[in-house]
Amino acid sequence: MNNYFYITTPIYYVNDKPHIGHAYTTILADVLTRYNRNIGRKTFFLTGLDEHGQKVQQAAEENGIDPQEHCNQMAPRFKELWQKLHISNDDFIRTTEDRHKKVVKDFLQIVMDNGDIYESEYEGLYSVSEERFITEKEAESGEFRDIKKLKEKNYFFKMSKYQDALISHIESNPKFIQPEHRKNEILGFLRQPLNDLCISRPKSRLNWGIELPFDKDYVTYVWFDALINYITALEFNQGTELFESWWPASYHLIGKDILTTHAVYWPTMLLSAGIKLPDSIFAHGWWLMGESKMSKSLGNVINPMDLIDDYGVDPVRYYLMREMVLGQDSNFTMGSFIQRYNSDLANDFGNLLSRVTTLIKKNYDGKIPEPGEYLESDLQIRLKGESLSSKVEMLIGEMRLNEAIEDIMQYIRTVNKYMEDNAPWKLVKEDKVAAGRILYVAGEALRLGAVLLSPVMPHRTGILLDALNALNTNTSWGNLNPNSMLKDHEPLFPRIK
RNA sequence: GGCGGAGUAGCUCAGCUGGUUAGAGCACCGGAAUCAUAAUCCGGGUGUCGGGAGUUCAAGUCUCUCCUCCGCUACCA
């Protein structure tokens, strides 16, 4: 296995306010990063902001401020949200930073030098009000005003030249576009001849962008600029080692709405520049808000961000990761959130911690008892715990996070049953050594479960591990230290009434 | 229109190359227990596996067809 794990989220467009979609992708990246870090890989996690383009320029004009000032006002909103969600990104890139402009210009020059950029006149229908070219169909729709025919010189990237190379790469690398149905979509799309990509905008029309290195009158098309962020952060072509170490990316996580730009534009750009393609582009689905549409009059509007204030970050992270089958859409409902929280987190997981620690405090002066010699039932718990770790690793490698989480919870349920079967609260009256062994095994199993869940819920599992005096991410059996003192803790996940 | 998904218990989903009485979690009903956040444990499913037809000793699993939903894509005269 490659020991370097480089993962990215899309860079989010500064005109959107941060919403559940942004939060979901970023939490997913964070969970994968933390998991890979836990199992000993070197990780680099990049997120950031896309700050160029027409909509930013317009929004700034409406507010009567400079576009850069507009971006500077928006950026903290995202950064603060990531802090609030306990996102452990290694870098936060903004496309208006000098480091990015430098790499974009280098990249454009390389592609130009390879002969893959040419000038051409484009003639088409242009909507002055919308400030963009529109198709004939759009013109007929009547939704656009001030339409005129416009002829404009622009620069084009020879995307079509790489069509065949891209198709064969997709076909020979099954994991390149995931999930599989997205791969099929792209292959279907590539059955048509690919057009070349217009990668410039004349400054007369739009000047909020990165100037082309070979023509001062033009700026770079925003997507061409934005995609390059993934290598900017690695200091591509800047004479450092960073790029060599981390590229190609393990995952570009994206929403399904930006699949074409990532699975077609970006790879052909890389092919032209002679750069390796990323290992995997993974498109996830969307969160839908309930079976019925949200409606203010029905009063069923939920802002998932508010849940964080009410119930904490970790339960929200848990819910999002547990509930979505990666690649499919999911429904977000308050009912399913509460159900999930109470049954998994409060009843099974949090309550198990309370059972174990209370018994140890009452009967062993708060000191973790000695495990002694295992009997069959104890050994079963140990063996299941050991196979759990490898199973979770396999499932996460296949991006089946919901199943990995379910398997961990299944294990927690098994431990609850083990407690019931062995009833240490009774046993302690007859055989204090045997009861101590049961509590050690249950505590150790709980510790193991918490370590495996820590990428999803870093904060609460930290409290648990600290209470058990075992703050580390070791998944091998026996890391609970006999005779060490338990620390007091509040109920880990108080039931929602 | 073309291509590709999907339709399995009330809900969310597993079911690999066809093979014992079709599974899990949650919800629901009954019981046990009382260490614990009234949490836990045990028991309980009469599900037309979207409809129909076919192949086979045997189909949720393969073939055909129809219905419904979704995604991508193309639009004729």
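Side chains included, hydrogens not; waters and symmetry mates left out as well; all remaining heavy atoms used. Within every chain, numbering begins at 1; the chains are lettered A, B, ... in the order of the sequence lines, protein sequences first and strands thereafter.
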Paired with [N]: which nucleotide, if any, by Watson-Crick or G-U wobble criteria at under 3.5 Å for both distances?
| N | value |
| --- | --- |
| B/C35 | none |
| B/C69 | B/G5 |
| B/U17 | none |
| B/A24 | B/U12 |
| B/G47 | none |
| B/G54 | B/C62 |

Between [options], which nucleotide gets closest to the side-chain atoms of [X]?
| X | options | value |
| --- | --- | --- |
| A/Ser354 | B/U37, B/U73, B/U34 | B/U37 |
| A/Arg413 | B/C41, B/A36, B/U34 | B/C41 |
| A/Lys417 | B/C42, B/A24, B/G71 | B/C42 |
| A/Val325 | B/A14, B/A27, B/A33 | B/A14 |
| A/Lys426 | B/A33, B/G71, B/U37 | B/A33 |
| A/Arg182 | B/U40, B/G71, B/C3 | B/G71 |
| A/Gln192 | B/U73, B/A36, B/G25 | B/U73 |
| A/Gln339 | B/U40, B/U34, B/C26 | B/C26 |

Base, sugar-phosphate, or nothing for [X], non-hydrogen atoms under 4.0 angstrom?
| X | answer |
| --- | --- |
| A/Gln410 | sugar-phosphate |
| A/Glu185 | sugar-phosphate |
| A/Gly188 | nothing |
| A/Leu492 | base |
| A/Asp348 | sugar-phosphate |
| A/Gln328 | sugar-phosphate |

Spacing of [X] atom [atom1] relative to [N] atom [atom2], expressed in whole Å:
| X | N | atom1 | atom2 | result |
| --- | --- | --- | --- | --- |
| A/Asn331 | B/C11 | CG | P | 13 Å |
| A/Lys183 | B/G5 | NZ | P | 11 Å |
| A/Met409 | B/A39 | CE | C1' | 13 Å |
| A/Ile186 | B/C3 | CD1 | C1' | 13 Å |
| A/Phe349 | B/G25 | CZ | P | 19 Å |
| A/Asn422 | B/C41 | CG | C1' | 12 Å |
| A/Met419 | B/A33 | CE | C1' | 13 Å |

Cation over ring face, A/Lys175 and A/Tyr251, 6.0 Å, 45°: no

Does a nitrogen or oxygen in the side chain of [X] sit under 4.0 Å from OP1 or OP2 of [N]?
| X | N | result |
| --- | --- | --- |
| A/Lys362 | B/A36 | yes |
| A/Arg495 | B/A39 | yes |
| A/Asn184 | B/C3 | no |

Test item: side-chain donor near acceptor, A/Asn229 and A/Thr95, under 3.5 Å: no

Polar contact flag, side-chain donor to acceptor under 3.5 angstrom, A/Asn347-A/Arg495: yes

Check: A/Tyr341 side chain, A/Pro494 main-chain N or O, donor-acceptor pair, under 3.5 Å: yes

Any donor-acceptor N/O pair, A/Asn402 side chain to A/Glu323 backbone, under 3.5 Å: no

Parallel, tilted or perpendicular: ring planes of A/Tyr311 versus A/Phe337, cut at 30 and 60 degrees: tilted

Comparing A/Phe189 and A/Asn342 on RNA chain B - which has the more 5′ nearest nucleotide: A/Asn342

Between A/Phe282 and A/His262, ring centroids under 6.0 Å: no

Base B/A36 paired with A/Asn351 side chain (donor-acceptor, <3.5 Å): yes

